[in-house]
Amino acid sequence: MPSRFVIVGGGTAGWITAFIVQDAVRRLRLDASVTVVEPSRIPTVGVGEATTAAFYVFLKSFGIDEFEFFQQTSATFKLGIRHEDWRRKGFTYYGPIDDPHQVVAPPQGAPSDYLNVYAIAAGRPIEDMHMFGPLLRQWKAPYALKADGTPIRLGPFMHAYHFDQALVGRFLAGKSKGVTIADGVVAGVERDQVSGDIRTLVLDTGERVEGDFFFDCSGFHKRLIVKELNAPWISYAHELPVNRALPFWLDIKEGEEIPNYTRAWAQEAGWMWQIPTQTRFGCGYVYSDEFRTPEEAKLEVERVLGREIEVRSDIRFQIGRLEKAWIGNTIAVGLSSSFLEPLESTSIHGTIVQMMLFARRFLKAPGALTDDDRADYNRRVGRQVDDFRTFVNTHYMTERDDTPFWREVREHRIHPETRERLARWQKEMPRMTHFPDDLDGLPHVQTQLHYPVLEGLGLLSKDTARAEMALDPKLRQFARDTYESLVREYRDAARQALGHAQYLQLVREMKP
């Protein structure tokens, strides 16, 4: 009998899961079916969502045309994050997501992060040696025009995207092959009386969906993993105290240039996000209700923006992760599994990486899965989310003490692992070896992401960097020459690059 894989919930997480599982089923030649349970009559309200370069890898892996993706999902480029007022009020830094070490390998025996170390030692901006650095500041796309008027990509670097997540869910659903859709909402669950495994979903339409393995992509509802399987939760509320969001939209006027970054703008009791799609900014104030009421948060946003806003909802959330994302024959994916404030776009990234890990290492006939498989997966995925937590927590190690929120977070909410890493990096510069790979080579939190943030917050030691560079004068000269060469090359590339809005208009006019 074929194995039956059932995904509860569509949207971005559900359809990413469907794509990866269905592809693995074909690749492994399993006799299996994939079903997505998704109600058509309940509209999904689109919000602006940001990704990491893992989503670019996802699209390429499945042969999805990027031009069509831009046309159908109102997507824009994300080349990095603009952090405003985090270190102190009035201070801005960028976190470009490309990695210059990718194009210039270190000399034999040199550390992989030698360019980052040189930049800190020399007091030179890290972002200047990134191709995305000047593009971010000038709101340009990583494309230029060829002589025939068609766009050509600048450099080998992987970019990310902003998009309307409701449109992306529908787009991916339309691109799925061989996936069955069960139209309805889960009203009941039948479980095996001996093992406790889920066997059947009873939908509100009366339809029964039987399965051998289930993926809970139901978001904050956690319909299977918590409501049925009572999975325990590990809270990050102490070190990441923001617990509420006030979302709203801002229109983008026709002909207006469009930023190519996620804007993370620190406020008095949290921070504000602004994520550009092609027609509007998906915005929100993520704050701690220990320090702001919803009414006060709205007034603060309106004062900062100098205009009234229409609040779309009041979102309360728990920061943390499941102790075990995989219980029995059910895996929680996306928001059902964990949630962190969206400062570094970890949600969709985590979904892609976790499902690719599952497909590579664990996907086989459901009856062949073991307790050791579950324990190994839960350990790896738990470590990934803990690394996300520590990275996000690092952003709060700032100089700000101008409001009760910032004083509280800086003085009392920094996690011990964050403090341990920062103390270590005063004695030695961050290295790839400081971030063990539990994800089989899939993207994980590492130095590429840390250096711009650590530099931007003033958390790295110039003396330590200089001492390390002084150990190898030849490497120091090589790094200096490489840095200068990259700065010149990328400034020239930025002069050739199309404006972000110009590129998007060009793509919209292209025939599918």
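G10 and V36 make their closest contact through CA-CG1, 4.2 Å (heavy atoms, listed as atom of the first residue, atom of the second, distance). Heavy atoms only, all atoms of each residue included: S337 and A332 are closest at CB-O, 3.4 Å. Nearest heavy atom pair, residue I275 against residue A50, reads CD1-N, 3.8 Å. The minimum heavy-atom distance linking L343 with A264 is given by the pair CD1-CB, 3.8 Å. Across all their heavy atoms, F132 and M158 have their closest contact at CE1-O, 3.8 Å. A pairwise comparison of heavy atoms in S336 and C217 identifies OG-C, 3.8 Å as the closest pair.
A salt bridge is absent between R280 and D251; no separation between the charged side-chain nitrogens and carboxylate oxygens falls under 4.0 Å. E66 and K60 are not joined by a salt bridge, as no carboxylate oxygen comes within less than 4.0 angstrom of a charged side-chain nitrogen. Using a 4.0 Å cut-off between charged side-chain N and carboxylate O, R383 and E417 make a salt bridge. Between D314 and R244 a salt bridge is recorded (basic side-chain N to carboxylate O distance below 4.0 Å). In summary, D401 and R88 do not engage in a salt bridge, as defined by a charged side-chain N under 4.0 Å from a carboxylate O. Under 4.0 Å is where a charged nitrogen must lie from a carboxylate oxygen, and between E268 and R292 at least one such pair does.
Judged by distance alone, with hydrogens and angles left aside, the side-chain atoms of Q71 form a donor-acceptor pair with the main-chain N or O of V507 at under 3.5 Å. Judged purely by atom type and a 3.5 angstrom limit, Q278 uses its side chain to pair as donor or acceptor with the backbone of A75. Distance alone, capped at 3.5 Å, is enough to place a donor-acceptor pair between the E257 side chain and the A501 backbone. When atom types are taken as modelled, the side chain of R400 and the backbone of D85 share a donor-acceptor pair closer than 3.5 angstrom. Listed for the N243 side chain is no donor-acceptor partner under 3.5 Å among the backbone atoms of I319. A distance-only check finds a donor-acceptor pair linking the side chain of R466 to the backbone of A121 [under 3.5 Å].
For Y490, there are no ring pair (Phe, Tyr, Trp, His ring centres under 6.0 Å) partners, not counting sequence neighbours. Here E455 pairs with nothing under the salt bridge (Lys or Arg N to Asp or Glu O under 4.0 Å) rule; sequence neighbours left out.
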D481 and Q477: CA distance, side-chain angles, deciding distance, side-chain hydrogen bond (donor to acceptor under 3.5 Å, both in side chains) verdict: CA-CA 6 Å; D481 294 344; Q477 184 61 49; 2.9 Å; yes

Full working for side-chain hydrogen bond (donor to acceptor under 3.5 Å, both in side chains) between D386 and Y236: CA-CA 9 Å; D386 287 347; Y236 297 157; 2.5 Å; yes

Working for side-chain hydrogen bond (donor to acceptor under 3.5 Å, both in side chains), residues S74 and D164: CA-CA 6 Å; S74 195; D164 182 318; over 6 Å; no

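Rounding to the nearest 0.5 Å places CG of L135 at 12.0 Å from NE2 of H159. Remark: W265 CH2 to C283 SG distance equals 10.5 Å, nearest 0.5 Å. Taking CD1 from I309 and CG from L246, the interatomic distance works out to 5.0 Å, rounded to the nearest 0.5 Å. Going from atom CE of M429 over to atom CG of L460 covers 4.5 Å, rounded to the nearest 0.5 Å. From Q267, atom CD reaches atom NZ of K89 across 8.0 Å, with rounding to the nearest 0.5 Å.
Side-chain contact, R137 with Y94: no donor N or O sits under 3.5 Å from an acceptor N or O. Residues W271 and E341 have side chains that bring a donor and an acceptor to within less than 3.5 angstrom of each other. Using modelled atom types, one finds no donor on one side chain facing an acceptor on the other under 3.5 Å when comparing D492 with Q496. Judged purely by distance below 3.5 Å, without hydrogens or angles, the side chains of N260 and H500 never pair a donor atom with an acceptor atom. A donor-acceptor contact closer than 3.5 angstrom is absent between the side chains of H101 and S112.
Between H450 and F435, the angle of the ring planes lies from 30° to 60°, which puts this pair in the tilted group. Relative ring orientation between F478 and Y114 is described as tilted, the plane-to-plane angle lying within the 30° to 60° band.
Ring centers of H83 and H395: under 6.0 Å apart, within the cut-off. Ring centers of Y287 and F405: at least 6.0 Å apart, outside the cut-off. A centroid separation of less than 6.0 Å is found between the aromatic rings of W86 and Y396. F77 has its ring centre less than 6.0 Å from the ring centre of F70. Taking the six-membered ring for Trp and the full ring otherwise, the centers of Y161 and F163 sit at least 6.0 Å from each other. Annotation: F69 is in aromatic contact with F55 [ring centroid separation under 6.0 Å]. In this structure, F339 has its ring center closer than 6.0 angstrom to the ring center of F220.
Residue R508 qualifies as enclosed at atom CZ: its count of foreign heavy atoms under 6.0 Å is above 12. Other residues, nucleotides and ligands contribute at most 12 non-hydrogen atoms within 6.0 Å of the CD atom of E310. Within 6.0 Å of NE2 in H434 there are more than 12 heavy atoms belonging to other residues, nucleotides or ligands.
At least one test fails for R480 against the ring of Y483: distance under 6.0 Å to the centre or angle within 45° of the axis. At least one test fails for R312 against the ring of F248: distance under 6.0 Å to the centre or angle within 45° of the axis.
For the pair T418 and F391, the minimum side-chain heavy-atom distance is 4.5 Å or more.
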Which side-chain N or O atoms in residues 346-359 pair as donor and acceptor under 3.5 Å with protein atoms at least two apart or in another chain?
| residue | atom | partner | partner atom | Å |
| --- | --- | --- | --- | --- |
| H349 | ND1 | T52 | OG1 | 2.7 |
| T351 | OG1 | S347 | O | 3.2 |
| Q354 | NE2 | Q384 | OE1 | 2.8 |

